[in-house]
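Here's the structure we're looking at; comments come further down.
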Amino acid sequence: MENENMDEQSIDLRMQRTYKLLSEALYELILKQPFEEISVTDICKKAMVHRTTFYKHFQDKYQLLETIFSEEQRKFSELHISEGETEKEYYRRVLRQMFEYVKNNRVFFVQSASHIKNDFMANLLRNTVRTYLERCFRMDETRLGVPSAIPIPIMSEYYTGAAIALVMWWLQNGMEISIEQMVDYISLMIVW
């Protein structure tokens with residue numbers, strides 16, 4: 001029984017290591033070339049992982065990228081409203097963390113933005129943001145005990161477009177406006 005648990009742990013650690021190597025390799029490659037030009041072979045060479053190992057975990061490079069985005073979305077999904085924090089304070093904190101994340105990964109986002117014509121990348125980004133916002137709005141409904149006056153899918157789509165457009169504008173303009181000022185501007189535009 002104990003040996004089975006150790007075997008499962010070592011397999012799990014190997015899977016985590018493989019995922020980490022492949023994710024980092026794809027990330028580094030995206031910094032240098034358009035996603036569409038990256039092959040599974042390129043990813044495997046960069047990660048020093050066999051192609052057969054890649055295909056044990058992922059169908060293709062698209063699934064790997066989806067997994068990376070899902071993991072990043074999970075990190076944001078762990079943000080919860082704190083005790084005594086108002087709804088406005090919570091969303092300001094989420095916005096601040098979103099801008100900090102983009103700033104810390106700006107090379108990736110700038111490179112991705114320059115290839116945003118790629119429908120897969122654009123849709124993946126939109127779906128990631130939309131899913132996160134829908135979750136936030138549903139949590140608000142549950143917490144407040146009142147259904148939203150506007151259907152959640154409509155609100156989510158609206159704010160997704162606005163969030164992506166503002167982040168891209170901020171990046172394209174060299175992030176000259178501070179994160180705190182961006183959060184202030186967005187807060188002024190939202191009816192609390």
Contact check, side chains of [X] and [Y], non-hydrogen atoms, under 4.5 Å:
{"X": "Tyr185", "Y": "Ile177", "value": "yes"}
{"X": "Thr67", "Y": "Tyr19", "value": "yes"}
{"X": "Lys56", "Y": "Thr18", "value": "no"}
{"X": "Arg138", "Y": "Ile152", "value": "yes"}
{"X": "Met182", "Y": "Trp169", "value": "yes"}
{"X": "Ile186", "Y": "Phe99", "value": "yes"}
{"X": "Leu95", "Y": "Met98", "value": "yes"}
{"X": "Thr41", "Y": "Arg51", "value": "yes"}

Got more than 12 heavy atoms from elsewhere within 6.0 Å of [atom1], [X]?
{"X": "Arg17", "atom1": "CZ", "answer": "no"}
{"X": "His57", "atom1": "NE2", "answer": "yes"}
{"X": "Tyr55", "atom1": "OH", "answer": "yes"}

How long is the gap from [atom1] on [X] to [atom2] on [Y], to the nearest 0.5 Å?
{"X": "Ser187", "Y": "Glu89", "atom1": "OG", "atom2": "CD", "result": "10.5 Å"}
{"X": "Leu133", "Y": "Tyr91", "atom1": "CG", "atom2": "OH", "result": "7.5 Å"}
{"X": "Asp60", "Y": "Ser39", "atom1": "CG", "atom2": "OG", "result": "12.5 Å"}
{"X": "Asp184", "Y": "Arg96", "atom1": "CG", "atom2": "CZ", "result": "8.5 Å"}
{"X": "Trp170", "Y": "Ile179", "atom1": "CH2", "atom2": "CD1", "result": "4.5 Å"}
{"X": "Glu66", "Y": "Thr128", "atom1": "CD", "atom2": "OG1", "result": "8.5 Å"}

For residues [X] and [Y], report the shortest heavy-atom separation together with the two atoms involved.
{"X": "Asp42", "Y": "Glu37", "value": "OD2-O, 3.8 Å"}
{"X": "Arg126", "Y": "Thr160", "value": "O-CG2, 3.7 Å"}
{"X": "Pro153", "Y": "Glu134", "value": "CA-OE2, 4.1 Å"}
{"X": "Leu64", "Y": "Ser23", "value": "CD1-OG, 4.1 Å"}
{"X": "Ala47", "Y": "Leu22", "value": "CB-CD2, 3.9 Å"}

Exercise for the section: Identify whether Met189 and Val129 are in the same connected component of the hydrophobic contact network (ILVMFWY, side-chain heavy atoms under 4.5 Å). Expected result: yes

Exercise for the section: Treating Ile, Leu, Val, Met, Phe, Trp and Tyr as nodes and any side-chain heavy-atom pair under 4.5 angstrom as an edge, say whether Ile164 and Ile154 lie in one connected cluster. Expected result: yes

Counting N and O atoms only, with roles assigned by atom type, does the side chain of [X] sit under 3.5 Å from a partner on the main chain of [Y], one being a donor and the other an acceptor?
{"X": "Arg106", "Y": "Lys103", "result": "yes"}
{"X": "Lys61", "Y": "Leu26", "result": "no"}
{"X": "Ser148", "Y": "Pro151", "result": "no"}

Practice task
If the plane angle is over 60° it's perpendicular, under 30° parallel, otherwise tilted; pick one for Phe35 and Tyr62.
Solution key: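 Ring orientation, 0 to 90° scale: perpendicular.
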
Practice task
For Asp12 and Gln16, test the side chains for any donor-to-acceptor distance below 3.5 angstrom and give the result as yes or no.
Solution key: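 Side-chain D/A pair, Asp12 to Gln16: present.
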
Problem - Between Tyr90 and Asp140: side-chain donor-acceptor atoms closer than 3.5 Å - result: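 No - no donor-acceptor pair under 3.5 Å links their side chains.
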
Practice task
Please report the C-alpha distance between Val94 and Tyr132 in whole Å, then the side-chain angles of each, then the deciding distance to 0.1 Å, and finally whether the side chain to side chain contact (heavy atoms under 4.5 Å, CB included) criterion is met.
Solution key: CA-CA 11 Å; Val94 169; Tyr132 174 71; 3.4 Å; yes

Practice task
Kindly determine whether Asn105 and Tyr27 satisfy side chain to side chain contact (heavy atoms under 4.5 Å, CB included), including the steps that lead there.
Solution key: CA-CA 10 Å; Asn105 295 280; Tyr27 182 87; 3.0 Å; yes

Handout entry: Pair Glu24 + Lys46, salt bridge at N-O below 4.0 Å
Key =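 Result for this pair is no, no salt bridge flagged.
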
